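Notes for the one structure printed next.
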Amino acid sequence: TRRGWQRIGPALLETIGTYNCVNVLLPRDAAQLFQSEGIFPRRMGIESWIAHRQIRNHKCGIFLLNGEEWRSDRLILNKEVISPAGTRKFLPFLNAVAQDFVTLMHRRISKNTRRSLTIDLYGDLFRFTLEGSSYALYGERLGLLEESPNAESQRFISAVETMLRTTLPLLFIPPGLMRWVNTKLWRDHIEAWDTIFKHADKCIQNIYQEFCLGQPRKYSGIMAELLMQAELPLDSIKANVTEFTAGGVDTTAMPLLFTLFELARNPSVQTAIRREIAEAESQGPRELSKVLNSMPLLKSALKETLRLYPVGITVQRYPTKDVVLQNYCVPAGTLCQVGLYAMGRSPEVFSNPERYDPLRWLSKEDNSFKALAFGFGARQCIGRRLAETEMMLFLMHVLRNFRIDTVSKADIKTVFGFILMPEKPPLLTFRPID
Ligand SMILES: C[C@@H](NS(C)(=O)=O)c1cncc(N2C(=O)c3ccc(Cl)cc3C2(C)C)c1
(Lines give C-alpha, C1' and ligand atoms only; values in the text may rest on other atoms or scores of the structure.)
Protein backbone atom coordinates (compact mmCIF):
# COMPACT_ATOMS: atom_id res chain seq x y z
CA THR A 1 0.00 0.00 0.00
CA ARG A 2 2.11 2.82 -1.22
CA ARG A 3 0.54 6.23 -0.72
CA GLY A 4 2.45 7.39 -3.79
CA TRP A 5 5.82 8.90 -4.43
CA GLN A 6 6.40 12.66 -4.21
CA ARG A 7 9.33 13.47 -6.48
CA ILE A 8 11.75 15.80 -4.67
CA GLY A 9 14.44 16.12 -7.31
CA PRO A 10 16.49 12.93 -7.93
CA ALA A 11 15.33 11.74 -4.55
CA LEU A 12 12.01 10.21 -3.73
CA LEU A 13 9.76 10.23 -0.67
CA GLU A 14 8.26 6.74 -0.71
CA THR A 15 5.70 5.21 1.61
CA ILE A 16 6.17 1.47 2.06
CA GLY A 17 3.52 -0.23 4.18
CA THR A 18 3.39 1.85 7.33
CA TYR A 19 6.55 3.97 7.14
CA ASN A 20 8.04 6.79 5.11
CA CYS A 21 11.39 6.41 3.43
CA VAL A 22 13.54 8.94 1.59
CA ASN A 23 15.35 7.45 -1.42
CA VAL A 24 18.50 9.08 -2.84
CA LEU A 25 20.73 8.01 -5.70
CA LEU A 26 23.39 10.72 -6.13
CA PRO A 27 26.87 10.17 -4.57
CA ARG A 28 26.81 13.57 -2.85
CA ASP A 29 23.48 12.73 -1.16
CA ALA A 30 24.88 9.36 -0.07
CA ALA A 31 27.89 11.21 1.38
CA GLN A 32 25.60 13.56 3.30
CA LEU A 33 23.56 10.65 4.65
CA PHE A 34 26.62 8.68 5.82
CA GLN A 35 28.12 11.76 7.46
CA SER A 36 25.10 11.89 9.78
CA GLU A 37 25.01 8.18 10.78
CA GLY A 38 26.62 8.62 14.23
CA ILE A 39 28.73 5.96 15.97
CA PHE A 40 25.89 3.41 16.06
CA PRO A 41 24.72 3.32 12.39
CA ARG A 42 21.27 1.74 12.07
CA ARG A 43 19.38 -0.01 9.22
CA MET A 44 15.72 -1.05 9.12
CA GLY A 45 15.26 -4.16 11.27
CA ILE A 46 13.85 -7.40 9.86
CA GLU A 47 10.96 -8.26 12.16
CA SER A 48 10.47 -11.82 10.89
CA TRP A 49 14.15 -12.65 11.59
CA ILE A 50 13.99 -11.09 15.09
CA ALA A 51 10.71 -12.90 15.78
CA HIS A 52 12.35 -16.25 14.92
CA ARG A 53 15.26 -15.57 17.29
CA GLN A 54 12.79 -14.74 20.08
CA ILE A 55 10.62 -17.82 19.50
CA ARG A 56 13.66 -20.12 19.47
CA ASN A 57 15.50 -18.18 22.21
CA HIS A 58 18.60 -17.59 20.03
CA LYS A 59 20.85 -14.55 20.43
CA CYS A 60 21.03 -12.12 17.46
CA GLY A 61 24.17 -11.67 15.37
CA ILE A 62 25.52 -8.22 14.50
CA PHE A 63 23.21 -7.87 11.47
CA LEU A 64 20.19 -7.64 13.78
CA LEU A 65 21.85 -5.89 16.76
CA ASN A 66 22.00 -2.11 17.30
CA GLY A 67 23.71 0.40 19.62
CA GLU A 68 26.34 -0.72 22.14
CA GLU A 69 25.50 -4.44 21.71
CA TRP A 70 26.18 -4.19 17.98
CA ARG A 71 29.39 -2.17 18.41
CA SER A 72 31.02 -4.41 21.03
CA ASP A 73 30.40 -7.60 19.00
CA ARG A 74 31.39 -5.90 15.74
CA LEU A 75 34.76 -4.61 17.02
CA ILE A 76 35.72 -8.10 18.27
CA LEU A 77 34.59 -9.83 15.05
CA ASN A 78 36.38 -7.32 12.76
CA LYS A 79 39.78 -8.65 13.83
CA GLU A 80 39.15 -12.17 12.48
CA VAL A 81 36.64 -11.53 9.68
CA ILE A 82 37.52 -8.32 7.82
CA SER A 83 40.98 -7.14 8.99
CA PRO A 84 43.91 -7.59 6.53
CA ALA A 85 45.61 -9.89 9.09
CA GLY A 86 42.46 -12.04 9.40
CA THR A 87 42.01 -12.13 5.62
CA ARG A 88 45.62 -13.29 5.07
CA LYS A 89 44.96 -16.24 7.39
CA PHE A 90 41.83 -17.58 5.65
CA LEU A 91 42.94 -16.67 2.10
CA PRO A 92 44.76 -20.00 1.46
CA PHE A 93 41.59 -21.90 2.45
CA LEU A 94 39.57 -20.04 -0.20
CA ASN A 95 42.33 -20.66 -2.75
CA ALA A 96 42.16 -24.43 -2.20
CA VAL A 97 38.39 -24.42 -2.78
CA ALA A 98 38.72 -22.30 -5.94
CA GLN A 99 41.28 -24.79 -7.31
CA ASP A 100 38.93 -27.67 -6.50
CA PHE A 101 36.18 -25.96 -8.51
CA VAL A 102 38.49 -25.92 -11.57
CA THR A 103 39.30 -29.61 -11.02
CA LEU A 104 35.56 -30.36 -10.89
CA MET A 105 35.01 -28.56 -14.21
CA HIS A 106 37.95 -30.36 -15.90
CA ARG A 107 36.59 -33.69 -14.63
CA ARG A 108 33.18 -32.96 -16.17
CA ILE A 109 34.67 -31.81 -19.50
CA SER A 110 36.81 -34.95 -19.77
CA LYS A 111 33.56 -36.91 -19.70
CA ASN A 112 32.50 -35.68 -23.14
CA THR A 113 34.23 -35.72 -26.50
CA ARG A 114 33.44 -32.13 -27.40
CA ARG A 115 36.13 -30.67 -25.10
CA SER A 116 33.62 -28.11 -23.86
CA LEU A 117 30.86 -27.90 -21.28
CA THR A 118 27.66 -25.84 -21.51
CA ILE A 119 26.03 -25.60 -18.13
CA ASP A 120 23.70 -23.67 -15.80
CA LEU A 121 26.18 -22.91 -13.00
CA TYR A 122 23.54 -21.75 -10.48
CA GLY A 123 23.69 -24.83 -8.22
CA ASP A 124 27.46 -25.26 -8.54
CA LEU A 125 28.12 -21.66 -7.52
CA PHE A 126 26.04 -22.07 -4.33
CA ARG A 127 28.03 -25.21 -3.52
CA PHE A 128 31.29 -23.34 -4.22
CA THR A 129 30.47 -20.38 -1.94
CA LEU A 130 29.17 -22.60 0.87
CA GLU A 131 32.26 -24.83 0.60
CA GLY A 132 34.51 -21.76 0.71
CA SER A 133 32.83 -19.87 3.55
CA SER A 134 32.46 -23.05 5.62
CA TYR A 135 36.17 -23.87 5.18
CA ALA A 136 37.16 -20.31 6.20
CA LEU A 137 34.76 -20.34 9.14
CA TYR A 138 35.17 -23.90 10.51
CA GLY A 139 38.43 -25.09 8.94
CA GLU A 140 36.41 -28.04 7.64
CA ARG A 141 35.69 -29.23 4.05
CA LEU A 142 32.06 -30.20 3.37
CA GLY A 143 33.01 -32.06 0.15
CA LEU A 144 30.43 -30.15 -1.94
CA LEU A 145 32.70 -30.08 -5.02
CA GLU A 146 32.98 -33.87 -5.19
CA GLU A 147 30.75 -36.10 -7.31
CA SER A 148 28.12 -36.74 -4.68
CA PRO A 149 27.75 -33.68 -2.44
CA ASN A 150 26.14 -34.67 0.84
CA ALA A 151 22.39 -34.20 1.12
CA GLU A 152 22.40 -32.35 4.46
CA SER A 153 24.50 -29.47 3.08
CA GLN A 154 22.25 -29.37 0.01
CA ARG A 155 19.25 -29.01 2.32
CA PHE A 156 21.02 -26.13 4.06
CA ILE A 157 21.60 -24.35 0.73
CA SER A 158 17.93 -24.60 -0.25
CA ALA A 159 16.88 -23.51 3.26
CA VAL A 160 18.90 -20.28 2.85
CA GLU A 161 17.19 -19.70 -0.50
CA THR A 162 13.72 -20.36 0.96
CA MET A 163 14.41 -18.12 3.96
CA LEU A 164 15.56 -15.24 1.74
CA ARG A 165 12.64 -15.69 -0.67
CA THR A 166 10.03 -15.68 2.15
CA THR A 167 11.69 -12.69 3.87
CA LEU A 168 10.60 -10.19 1.21
CA PRO A 169 6.77 -10.55 1.45
CA LEU A 170 7.06 -10.67 5.26
CA LEU A 171 8.84 -7.29 5.21
CA PHE A 172 5.67 -5.48 4.27
CA ILE A 173 3.34 -7.18 6.75
CA PRO A 174 3.12 -5.42 10.16
CA PRO A 175 5.07 -7.63 12.65
CA GLY A 176 2.13 -8.41 14.93
CA LEU A 177 0.10 -9.75 12.00
CA MET A 178 2.63 -11.73 10.00
CA ARG A 179 2.24 -14.98 11.95
CA TRP A 180 -1.51 -15.09 11.33
CA VAL A 181 -2.09 -13.43 7.96
CA ASN A 182 -0.43 -16.12 5.82
CA THR A 183 0.43 -19.19 7.84
CA LYS A 184 2.08 -21.08 4.92
CA LEU A 185 4.50 -18.20 4.26
CA TRP A 186 5.30 -17.87 7.96
CA ARG A 187 5.63 -21.65 8.48
CA ASP A 188 8.01 -21.99 5.49
CA HIS A 189 10.04 -19.09 6.85
CA ILE A 190 10.41 -20.57 10.33
CA GLU A 191 11.09 -24.07 8.96
CA ALA A 192 13.90 -22.67 6.78
CA TRP A 193 15.39 -20.87 9.76
CA ASP A 194 15.32 -24.04 11.85
CA THR A 195 17.18 -25.93 9.10
CA ILE A 196 19.77 -23.12 8.89
CA PHE A 197 20.38 -23.12 12.65
CA LYS A 198 20.52 -26.92 12.84
CA HIS A 199 23.25 -27.06 10.16
CA ALA A 200 25.31 -24.25 11.71
CA ASP A 201 24.90 -25.83 15.15
CA LYS A 202 26.30 -29.16 13.88
CA CYS A 203 29.39 -27.43 12.41
CA ILE A 204 29.88 -25.44 15.61
CA GLN A 205 29.47 -28.49 17.88
CA ASN A 206 32.15 -30.38 15.89
CA ILE A 207 34.75 -27.69 16.25
CA TYR A 208 33.80 -26.87 19.88
CA GLN A 209 34.20 -30.55 20.86
CA GLU A 210 37.71 -30.71 19.33
CA PHE A 211 38.57 -27.36 20.87
CA CYS A 212 37.71 -28.61 24.37
CA LEU A 213 39.91 -31.68 23.79
CA GLY A 214 42.96 -29.58 22.93
CA GLN A 215 43.60 -26.25 21.28
CA PRO A 216 44.70 -26.52 17.62
CA ARG A 217 48.30 -25.41 17.12
CA LYS A 218 47.89 -23.91 13.63
CA TYR A 219 45.18 -21.62 12.18
CA SER A 220 42.01 -23.59 11.56
CA GLY A 221 39.45 -20.96 10.61
CA ILE A 222 37.61 -17.96 12.00
CA MET A 223 35.48 -19.88 14.49
CA ALA A 224 38.51 -21.51 16.17
CA GLU A 225 40.21 -18.11 16.51
CA LEU A 226 37.09 -16.64 18.15
CA LEU A 227 36.90 -19.57 20.57
CA MET A 228 40.58 -19.21 21.49
CA GLN A 229 40.36 -15.44 21.93
CA ALA A 230 37.39 -16.06 24.26
CA GLU A 231 36.40 -12.38 24.03
CA LEU A 232 32.85 -13.31 22.91
CA PRO A 233 30.62 -15.69 24.87
CA LEU A 234 29.85 -18.96 23.05
CA ASP A 235 26.22 -18.07 22.27
CA SER A 236 27.34 -14.78 20.64
CA ILE A 237 29.96 -16.63 18.60
CA LYS A 238 27.25 -19.09 17.51
CA ALA A 239 24.76 -16.33 16.57
CA ASN A 240 27.34 -14.48 14.46
CA VAL A 241 28.95 -17.53 12.84
CA THR A 242 25.45 -18.73 11.88
CA GLU A 243 24.84 -15.37 10.16
CA PHE A 244 28.19 -15.65 8.35
CA THR A 245 27.50 -19.25 7.29
CA ALA A 246 24.11 -18.40 5.76
CA GLY A 247 25.15 -14.92 4.62
CA GLY A 248 28.10 -16.29 2.72
CA VAL A 249 26.17 -18.36 0.17
CA ASP A 250 23.80 -16.49 -2.17
CA THR A 251 25.44 -13.10 -1.63
CA THR A 252 28.70 -14.23 -3.23
CA ALA A 253 27.34 -16.76 -5.72
CA MET A 254 25.17 -14.24 -7.57
CA PRO A 255 27.92 -11.71 -8.46
CA LEU A 256 30.09 -14.60 -9.72
CA LEU A 257 27.32 -15.70 -12.06
CA PHE A 258 26.78 -12.14 -13.32
CA THR A 259 30.54 -11.59 -13.79
CA LEU A 260 30.99 -14.80 -15.82
CA PHE A 261 28.02 -13.80 -17.99
CA GLU A 262 29.34 -10.26 -18.61
CA LEU A 263 32.84 -11.56 -19.41
CA ALA A 264 31.27 -14.09 -21.79
CA ARG A 265 29.46 -11.37 -23.72
CA ASN A 266 32.41 -8.93 -23.51
CA PRO A 267 35.24 -11.15 -24.86
CA SER A 268 37.73 -8.28 -25.17
CA VAL A 269 37.38 -7.55 -21.44
CA GLN A 270 37.74 -11.27 -20.71
CA THR A 271 40.96 -11.43 -22.76
CA ALA A 272 42.40 -8.33 -21.05
CA ILE A 273 41.75 -9.86 -17.62
CA ARG A 274 43.27 -13.20 -18.69
CA ARG A 275 46.39 -11.31 -19.76
CA GLU A 276 46.54 -9.50 -16.39
CA ILE A 277 46.27 -12.85 -14.56
CA ALA A 278 49.10 -14.36 -16.64
CA GLU A 279 51.18 -11.25 -15.98
CA ALA A 280 50.54 -11.41 -12.22
CA GLU A 281 51.52 -15.10 -12.09
CA SER A 282 54.63 -14.65 -14.25
CA GLN A 283 56.22 -12.62 -11.47
CA GLY A 284 57.15 -15.84 -9.71
CA PRO A 285 55.71 -17.43 -6.58
CA ARG A 286 54.59 -14.69 -4.14
CA GLU A 287 52.22 -14.47 -1.20
CA LEU A 288 48.68 -14.84 -2.58
CA SER A 289 47.49 -11.49 -1.19
CA LYS A 290 50.26 -9.79 -3.21
CA VAL A 291 49.13 -11.64 -6.37
CA LEU A 292 45.53 -10.48 -5.81
CA ASN A 293 46.71 -6.89 -5.24
CA SER A 294 48.46 -6.94 -8.62
CA MET A 295 45.22 -7.53 -10.58
CA PRO A 296 43.45 -4.13 -10.59
CA LEU A 297 41.45 -4.93 -13.74
CA LEU A 298 40.00 -8.12 -12.20
CA LYS A 299 39.13 -6.19 -9.03
CA SER A 300 37.47 -3.48 -11.16
CA ALA A 301 35.46 -6.13 -13.01
CA LEU A 302 33.93 -7.13 -9.66
CA LYS A 303 33.14 -3.45 -8.94
CA GLU A 304 31.53 -3.19 -12.38
CA THR A 305 29.42 -6.30 -11.70
CA LEU A 306 28.27 -4.91 -8.34
CA ARG A 307 27.45 -1.57 -10.00
CA LEU A 308 25.05 -3.22 -12.44
CA TYR A 309 23.90 -6.05 -10.13
CA PRO A 310 24.12 -4.85 -6.49
CA VAL A 311 23.36 -7.87 -4.28
CA GLY A 312 21.69 -5.75 -1.58
CA ILE A 313 19.96 -3.17 -3.78
CA THR A 314 19.89 -0.44 -1.14
CA VAL A 315 21.91 0.78 1.86
CA GLN A 316 19.73 2.18 4.63
CA ARG A 317 20.42 4.58 7.49
CA TYR A 318 18.46 6.53 10.10
CA PRO A 319 20.35 9.87 10.31
CA THR A 320 21.05 10.91 13.93
CA LYS A 321 20.78 14.63 13.07
CA ASP A 322 18.76 16.61 10.48
CA VAL A 323 20.31 16.21 7.05
CA VAL A 324 19.82 18.19 3.83
CA LEU A 325 19.16 15.90 0.85
CA GLN A 326 18.35 17.46 -2.51
CA ASN A 327 17.73 20.85 -0.79
CA TYR A 328 15.17 19.22 1.51
CA CYS A 329 15.62 19.15 5.28
CA VAL A 330 15.13 15.52 6.29
CA PRO A 331 14.52 15.28 10.06
CA ALA A 332 16.75 13.03 12.21
CA GLY A 333 15.33 9.54 12.58
CA THR A 334 13.74 9.39 9.12
CA LEU A 335 14.50 6.14 7.28
CA CYS A 336 16.68 7.02 4.27
CA GLN A 337 18.12 4.67 1.70
CA VAL A 338 20.64 4.90 -1.12
CA GLY A 339 19.22 3.17 -4.20
CA LEU A 340 22.30 1.28 -5.41
CA TYR A 341 20.50 -0.21 -8.42
CA ALA A 342 19.24 3.24 -9.54
CA MET A 343 22.64 4.89 -8.87
CA GLY A 344 24.54 2.20 -10.75
CA ARG A 345 22.45 2.70 -13.88
CA SER A 346 22.00 6.49 -13.74
CA PRO A 347 23.60 8.42 -16.64
CA GLU A 348 23.96 11.34 -14.19
CA VAL A 349 26.42 9.24 -12.17
CA PHE A 350 28.06 6.89 -14.73
CA SER A 351 28.74 7.67 -18.42
CA ASN A 352 27.26 4.97 -20.70
CA PRO A 353 25.89 3.16 -17.62
CA GLU A 354 24.68 0.19 -19.69
CA ARG A 355 28.26 -0.59 -20.81
CA TYR A 356 30.21 -3.25 -18.84
CA ASP A 357 33.53 -1.35 -18.69
CA PRO A 358 35.82 -2.15 -15.70
CA LEU A 359 38.32 0.47 -16.90
CA ARG A 360 35.92 3.21 -15.76
CA TRP A 361 37.08 2.44 -12.18
CA LEU A 362 40.77 2.88 -13.09
CA SER A 363 40.38 6.29 -14.76
CA LYS A 364 41.38 9.48 -12.95
CA GLU A 365 37.77 10.64 -12.55
CA ASP A 366 36.38 11.05 -9.05
CA ASN A 367 34.58 7.81 -8.05
CA SER A 368 33.98 8.67 -4.39
CA PHE A 369 30.66 7.41 -2.97
CA LYS A 370 29.99 5.52 -6.22
CA ALA A 371 31.12 2.01 -5.16
CA LEU A 372 28.69 1.37 -2.29
CA ALA A 373 27.71 -2.27 -2.93
CA PHE A 374 29.20 -3.29 0.47
CA GLY A 375 27.71 -0.29 2.24
CA PHE A 376 29.74 2.29 4.10
CA GLY A 377 31.79 2.97 7.22
CA ALA A 378 31.77 1.13 10.56
CA ARG A 379 28.59 -0.78 9.69
CA GLN A 380 29.64 -1.83 6.18
CA CYS A 381 29.48 -5.49 5.18
CA ILE A 382 31.75 -7.45 7.55
CA GLY A 383 31.98 -10.22 4.94
CA ARG A 384 33.42 -7.83 2.34
CA ARG A 385 37.00 -9.18 2.36
CA LEU A 386 35.82 -12.80 2.51
CA ALA A 387 33.51 -12.19 -0.48
CA GLU A 388 36.04 -10.17 -2.51
CA THR A 389 38.84 -12.68 -1.88
CA GLU A 390 36.60 -15.65 -2.67
CA MET A 391 35.41 -14.06 -5.95
CA MET A 392 38.91 -12.89 -7.02
CA LEU A 393 40.45 -16.35 -6.44
CA PHE A 394 37.54 -18.10 -8.18
CA LEU A 395 37.82 -15.87 -11.27
CA MET A 396 41.64 -16.03 -11.33
CA HIS A 397 41.64 -19.85 -11.46
CA VAL A 398 38.60 -20.19 -13.75
CA LEU A 399 39.77 -17.59 -16.30
CA ARG A 400 43.28 -19.03 -16.36
CA ASN A 401 41.88 -22.49 -17.20
CA PHE A 402 38.82 -21.81 -19.36
CA ARG A 403 37.44 -19.48 -22.01
CA ILE A 404 33.87 -18.53 -21.10
CA ASP A 405 31.23 -18.14 -23.77
CA THR A 406 27.49 -17.58 -23.87
CA VAL A 407 24.93 -18.06 -26.63
CA SER A 408 22.46 -15.38 -25.50
CA LYS A 409 24.01 -11.89 -25.48
CA ALA A 410 20.71 -10.32 -24.30
CA ASP A 411 20.53 -8.56 -20.92
CA ILE A 412 19.69 -10.81 -17.96
CA LYS A 413 16.39 -9.80 -16.32
CA THR A 414 16.84 -9.55 -12.54
CA VAL A 415 14.35 -10.08 -9.72
CA PHE A 416 14.72 -8.95 -6.10
CA GLY A 417 14.03 -11.64 -3.51
CA PHE A 418 15.87 -9.84 -0.65
CA ILE A 419 18.94 -10.64 -2.78
CA LEU A 420 19.21 -9.45 -6.41
CA MET A 421 19.00 -12.59 -8.58
CA PRO A 422 18.67 -13.43 -12.28
CA GLU A 423 15.09 -14.24 -13.34
CA LYS A 424 16.52 -17.09 -15.42
CA PRO A 425 20.16 -18.22 -14.87
CA PRO A 426 22.21 -17.81 -18.10
CA LEU A 427 23.75 -20.84 -19.85
CA LEU A 428 27.56 -20.59 -19.98
CA THR A 429 30.05 -22.58 -22.08
CA PHE A 430 33.49 -23.49 -20.65
CA ARG A 431 36.30 -24.32 -23.09
CA PRO A 432 39.64 -25.53 -21.62
CA ILE A 433 42.72 -23.45 -22.48
CA ASP A 434 45.52 -25.91 -23.23
C1 LIG B 1 21.71 -9.22 0.30
C2 LIG B 1 22.27 -8.30 1.32
N3 LIG B 1 21.20 -7.64 2.03
S4 LIG B 1 21.53 -6.24 2.78
C5 LIG B 1 22.39 -6.60 4.19
O6 LIG B 1 22.40 -5.51 1.90
O7 LIG B 1 20.32 -5.64 3.12
C8 LIG B 1 23.16 -9.05 2.27
C9 LIG B 1 24.50 -8.71 2.36
N10 LIG B 1 25.35 -9.34 3.18
C11 LIG B 1 24.90 -10.38 3.94
C12 LIG B 1 23.56 -10.73 3.91
N13 LIG B 1 23.10 -11.77 4.74
C14 LIG B 1 22.40 -12.84 4.30
O15 LIG B 1 22.21 -13.10 3.11
C16 LIG B 1 22.01 -13.64 5.43
C17 LIG B 1 21.29 -14.84 5.49
C18 LIG B 1 21.06 -15.40 6.75
C19 LIG B 1 21.54 -14.75 7.90
CL20 LIG B 1 21.28 -15.48 9.47
C21 LIG B 1 22.26 -13.54 7.82
C22 LIG B 1 22.46 -13.01 6.57
C23 LIG B 1 23.16 -11.75 6.20
C24 LIG B 1 22.46 -10.52 6.70
C25 LIG B 1 24.60 -11.81 6.71
C26 LIG B 1 22.68 -10.08 3.06
Side-chain angles (χ1 to χ4, degrees), residues 16 21 30 41-54 56 58-66 70 73-74 77 81-82 126 129-130 133-134 136-137 156-168 170-171 189-190 192-201 203-204 222 236-256 258 305-306 309-318 335-341 343-344 371-377 379-388 390-391 414-421:
I16 309 178
C21 169
R42 213 157 52 82
R43 287 184 298 269
M44 192 173 76
I46 303 187
E47 298 301 332
S48 66
W49 293 24
I50 295 169
H52 165 265
R53 300 308 185 270
Q54 283 162 350
R56 295 291 190 253
H58 287 309
K59 260 190 174 176
C60 289
I62 53 170
F63 179 73
L64 296 171
L65 291 174
N66 284 307
W70 161 78
D73 274 20
R74 174 84 198 221
L77 294 165
V81 183
I82 192 169
F126 283 151
T129 54
L130 179 58
S133 54
S134 296
L137 287 167
F156 171 78
I157 290 172
S158 38
V160 175
E161 268 192 282
T162 305
M163 182 282 291
L164 293 171
R165 184 170 36 76
T166 52
T167 293
L168 196 72
L170 287 169
L171 276 184
H189 191 64
I190 291 298
W193 272 124
D194 288 343
T195 307
I196 288 170
F197 272 77
K198 217 183 306 180
H199 169 86
D201 207 45
C203 299
I204 291 165
I222 291 164
S236 294
I237 295 178
K238 276 186 177 183
N240 283 292
V241 168
T242 301
E243 279 193 8
F244 302 161
T245 309
V249 189
D250 304 46
T251 50
T252 311
M254 291 301 95
L256 282 176
F258 289 122
T305 299
L306 290 170
Y309 310 98
V311 164
I313 62 169
T314 66
V315 183
Q316 301 160 345
R317 288 294 185 272
Y318 291 89
L335 173 63
C336 300
Q337 56 186 24
V338 182
L340 300 179
Y341 191 88
M343 179 193 285
L372 293 171
F374 288 99
F376 173 82
R379 189 130 209 194
Q380 74 176 273
C381 172
I382 198 170
R384 170 181 203 148
R385 295 275 177 269
L386 186 75
E388 286 174 340
E390 196 168 295
M391 295 190 290
T414 53
V415 292
F416 181 65
F418 188 66
I419 293 236
L420 189 73
M421 298 178 283

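A quick note: this is a predicted structure, and the numbers were derived from the prediction, not measured. Start at 1 and go down the list; that is how both ligands and their atoms are numbered.
- Using a 4.0 Å heavy-atom cutoff, W193 is listed among the residues neighbouring ligand 1.
- Each of the atoms 1 (C) of ligand 1 lies under 4.0 Å from some heavy atom of F418.
- Using a 4.5 Å heavy-atom cutoff, the side chains of F156 and T245 are in contact.
- For atom 8 (C) of ligand 1, the closest non-hydrogen atom on the protein side is T251 CG2, 3.8 Å.
- Contact between E390 and S133 at its shortest, heavy atoms only, is OE1-N, 3.8 Å.
- Contact detail for P255 and D250: the closest heavy-atom pair is CD-O, 4.4 Å.
- The shortest heavy-atom contact between V315 and G375 is CG2-CA, 3.9 Å.
- Those atoms of ligand 1 that come under 4.0 Å of a heavy atom in V311, given as number and element, are 1 (C).
- Residue-ligand proximity: R53 is placed with a non-hydrogen atom under 4.0 Å from ligand 1.
- Within ligand 1, the atoms closer than 4.0 Å to a non-hydrogen atom of I419 are 1 (C), numbered from 1 in the order shown.
- The proximity of W49 to ligand 1, defined as any non-hydrogen pair under 4.0 Å, is limited to the side chain.
- R53 pairs by the salt bridge (charged side-chain N to carboxylate O under 4.0 Å, His left out) definition with nothing, not counting sequence neighbours.
- Listed by number with element, the atoms of ligand 1 under 4.0 Å from a non-hydrogen atom of G312 are 1 (C), 2 (C), 6 (O).
- With respect to the salt-bridge test (charged N to carboxylate O, under 4.0 angstrom), the residues R384 and E388 qualify.
- A heavy-atom separation below 4.0 Å is not found between D250 and ligand 1.
- For atom 5 (C) of ligand 1, the closest non-hydrogen atom on the protein side is F63 CE1, 3.3 Å.
- With A192, G383, A246 as candidates, the residue nearest to atom 18 (C) of ligand 1 on a non-hydrogen basis is A246.
- Between F197 and H58, the ring planes lie parallel to each other; the angle is under 30°, not in the 30° to 60° tilted range.
- Contact annotation: M163 has at least one heavy atom less than 4.0 Å from an atom of ligand 1.
- Scanning the protein for heavy atoms near atom 14 (C) of ligand 1, the closest one is G247 CA, 3.5 Å.
- Of the possible polar contacts, none joining the T252 side chain to the V249 backbone as a donor-acceptor pair under 3.5 Å is found.
- Using modelled atom types and a 3.5 Å distance limit, the side chains of R379 and N66 yield a donor-acceptor pair.
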